Protein chains: 2
Amino acid sequence: MNRRSVSIQDIAEAAGVSHSTVSRALHDSDLIRPEVRQRIQQIAHEMGYTPNAVAQSLKGQRTNTIGLVITSIADPFAGRVVRGIEEIAQANRISLLLSVSYNDPELEMEIIETFHRRRVDGVISATAQIRGPYVERLAQIKMPTVLINQQAESEADRLHSVDADDYAGARQAVEHLLELGHRKIGYLGVGNRVQSNRRRFAGYCDTLSSAGIAVDAQWVRIAPTVNNPRADDVLDGQAMLPELLPTGVTAVFCYNDQIAVGVLMACRELGLRVPEHLSVVGYDDVDLASYVTPPLTTIHQPKLRLGAIAMQMLLDILEGKAVQSRILPNELVVRASTAPPAGQ
Amino acid sequence: MNRRSVSIQDIAEAAGVSHSTVSRALHDSDLIRPEVRQRIQQIAHEMGYTPNAVAQSLKGQRTNTIGLVITSIADPFAGRVVRGIEEIAQANRISLLLSVSYNDPELEMEIIETFHRRRVDGVISATAQIRGPYVERLAQIKMPTVLINQQAESEADRLHSVDADDYAGARQAVEHLLELGHRKIGYLGVGNRVQSNRRRFAGYCDTLSSAGIAVDAQWVRIAPTVNNPRADDVLDGQAMLPELLPTGVTAVFCYNDQIAVGVLMACRELGLRVPEHLSVVGYDDVDLASYVTPPLTTIHQPKLRLGAIAMQMLLDILEGKAVQSRILPNELVVRASTAPPAGQ
DNA sequence: CTCTATACTGCACACGTGTGCATGGGTCAT
DNA sequence: ATGACCCATGCACACGTGTGCAGTATAGAG
């Protein structure tokens, strides 16, 4: 069983030269006589030689690999972000090491350690939140890191980030509902993505306050935190809506599109019509949002750009360029799930 | 700038022993005196040592990394499969190198070469089709490979696969429609996933034939093949349906759920009611299928299991066990998009 | 013909880890 | 006291690649 693949040493023997010569020849070095160079390349090709990236990584400093942590592959938001990352990575011949954390802090630490062991050049993290020991460890091992949608308060200099503006997005959503004439507006959030939920909720509260509306605690529901990876936002949304109805809200702003879809399904069960009886606004603008009935009014996040910019930022860091964290704007997309309240 | 991280050599100097002793101590070798062993482990911990997996990979034969090729991250089917793979991989401390091929044969070859350069232990391919040079190269470099949903006709011994039974699934879908009383049943397929489309189409044709129904070529539409990565099945479905209507079909069997969703949207535009005016059956049973209105009757594919089994199969191959390709059953899920035809 | 400059190639080491073999020192029995 | 034996450790090489430096051969110049 000839399991071992051909090395430059093998080529060297076949060509009657030293492995150094082969190495240089394959790199088109001027040091090697053109005819020899060509002959060696010919032999290498015939022997089906493929350079061993592991050895190259050991020798050089770069592995041309970056680690990617996301919370779930099933999450369509993450999917689009990863795609943005992947496109830039591929163009720069960088390989992607993918890991999924399911929002588990322990698992997250373990993933970082694995990335470190593998000596990735950098890490992009699109997880829900950065925690103390996590940040500390990242700083200790000096691993270049870019965070997506975490709006870390620049705790450490090493941490760069690219975010979409949750707060402003939430404000747009609620302002849209206010403009339609709604006064009693509910909020359905999630408990396991603390930071982003807090920002969107803050945008919701502040916008209502600005309009002179006191937020009623009964209008707000946050899905309980569960570590169950099978946790499903749609089901949560579906379960939470009925609790909200007795309060008389005429519109609901949801943490994301999945929650909003859950609301749609609950409405269908209850015989409520959207948007006639209830207006619904989602967040993210995933594909799903435009496929459901009625198509969701939502806040569009530039998912591909978030990923692409994060990847480019990481590349810049690796080249020693100075980079600056960025915040991208979100954008309201009005579809058919919102309308003036029934009374008007 | 102390960019280099600590090595066992550094620990050896700090402990006043040789690097061999450190290596053995960290592996809890009996050869090292317990007190020395413990002291070395202590020092290693204090210095923040993390073993260099690159060097370990170079020395040993395994990299504990596998390459994963999929056609698109946005594809919800692929997402679930990847998740099944990831769970098993994580449990076995295997890292995943993710690449996306966008159905581009050239890109696919390039990805395989990259995986080979990186000396991954094996490859799982969930791309649309295996082509000649691709197979040839895989055989040449003897890289253990498991294919998902490609039903390769065991062209090479090295190629193993795990599939869901497309043909039987398609038969179930069409039989369901026949039982409801439909006689004129359309098929909407895709052009860029040749193999699976062919199998599902064959199931469609044979089932109709068995029922004594001659398939009318007008009932069938295949979305044109485009290399545009932005190609979107939903849009294709939406575009194809109107061409089908003049033929008087009362039901449509779609290649996958996205096509079916496109059909739903087209019906909405045209004022057709589903299932009263038209019955629609999808394929895959992605999350989306149960969220649209009406929820789709579809063929459920065991996506997580496909991924998990593929990964386990690859692990078995790596351990030298004999493995056998498998075909899993699909299963009809009846929801609300199918009903007896209008006439009845 | 001899000296020098130049073009080309090999030697040897490095990257970080793992391991067979030899070696050193100690213990024990004769 | 001496030999046999065992335990703990170090030496040296290996994995595959890249590169500074030294060395050789050839050509060109005087």
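Chain identifiers are assigned alphabetically (A, B, ...) following the order of the sequence lines, protein sequences preceding nucleic acid strands; residue numbering begins at 1 within each chain. Just so we're clear, the structure is a prediction, and the values are computed from it rather than from any experiment.
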* To do: Kindly write out the residues that satisfy salt bridge (Lys or Arg N to Asp or Glu O under 4.0 Å) with B:Asp10, not counting sequence neighbours, or none if the list is empty.
  => B:Arg4
* To do: Just jot down the side-chain hydrogen bond (donor to acceptor under 3.5 Å, both in side chains) partners of B:Ser18, sequence neighbours excluded, or say none.
  => B:Thr21
* Asked: Roughly, in whole Å, what's the span from CE in B:Met47 to P in C:dG16?
  -> 12 Å
* Looking at DNA chain D, which of residues 26-34 of chain B put a heavy atom within less than 4.0 Å of it? -> B:Asp30, B:Leu31, B:Ile32, B:Arg33
* Name all residues meeting the salt bridge (Lys or Arg N to Asp or Glu O under 4.0 Å) criterion together with A:Glu13; count only those two or more places apart in sequence or in a different chain, and write none if there are none. => none
Set out, line by line, the N/O atom pairs under 3.5 Å between protein and nucleotides 10-15 of chain C.
from: C:dG10; atom 1: OP2; to: A:Ser18; atom 2: N; distance (Å): 3.0
from: C:dG10; atom 1: OP2; to: A:Ser18; atom 2: OG; distance (Å): 3.2
from: C:dG10; atom 1: OP2; to: A:Thr21; atom 2: OG1; distance (Å): 2.4
from: C:dG10; atom 1: O6; to: A:Arg24; atom 2: NH2; distance (Å): 2.7
from: C:dC11; atom 1: N4; to: A:Ser20; atom 2: OG; distance (Å): 2.9
from: C:dA12; atom 1: N6; to: A:Ser20; atom 2: OG; distance (Å): 3.3
from: C:dA14; atom 1: N3; to: A:Lys59; atom 2: NZ; distance (Å): 3.1

* Structure fact -> Those residues at least two apart in sequence (or on a different chain) that pass side-chain contact (heavy atoms from CB on, under 4.5 Å) with A:Arg33 are A:Glu35, A:Val36
* Return the set of residues passing side-chain hydrogen bond (donor to acceptor under 3.5 Å, both in side chains) with B:Arg62 (not counting sequence neighbours), or none when no residue passes. => B:Asp121
* Rounded to whole angstroms, how far apart are CD on A:Glu35 and C1' on D:dT26? -> 13 Å
* Which residues share a side-chain hydrogen bond (donor to acceptor under 3.5 Å, both in side chains) with A:Ser20, sequence neighbours left out -> none
* Asked: Quick one: are A:Ile40 and A:Val17 in side-chain contact, heavy atoms under 4.5 Å?
  -> yes
* Let me know the distance between CG of B:Asp10 and P of C:dT17, rounded to the nearest Å. => 9 Å
* Asked: Looking at residues at least two apart in the chain, or sitting in another chain, which of them share a side-chain hydrogen bond (donor to acceptor under 3.5 Å, both in side chains) with B:Thr65?
  -> A:Arg118
Which side-chain N or O atoms in residues 306-322 of chain B pair as donor and acceptor under 3.5 Å with protein atoms at least two apart or in another chain?
from: B:Gln312; atom 1: NE2; to: B:Asp316; atom 2: OD1; distance (Å): 3.4

* **Side-chain N or O of B:Gln56 closer than 4.0 Å to phosphate OP1/OP2 of C:dG18** => yes
* **B:Ser5 side chain to A:Arg119 side chain, donor-acceptor N/O pair below 3.5 angstrom** => yes
* To do: For the helix from C:dC1-D:dG30 to C:dT30-D:dA1, figure out the bend between the end axes, five pairs an end, and round to 10 degrees.
  => 70°
* side-chain contact (heavy atoms from CB on, under 4.5 Å) against B:Pro51, all qualifying residues, sequence neighbours excluded -> A:Arg117, B:Tyr49, B:Gln56
* To do: Return the value, rounded to whole Å, for the distance between atom CD1 of A:Ile11 and atom P of D:dG18.
  => 11 Å
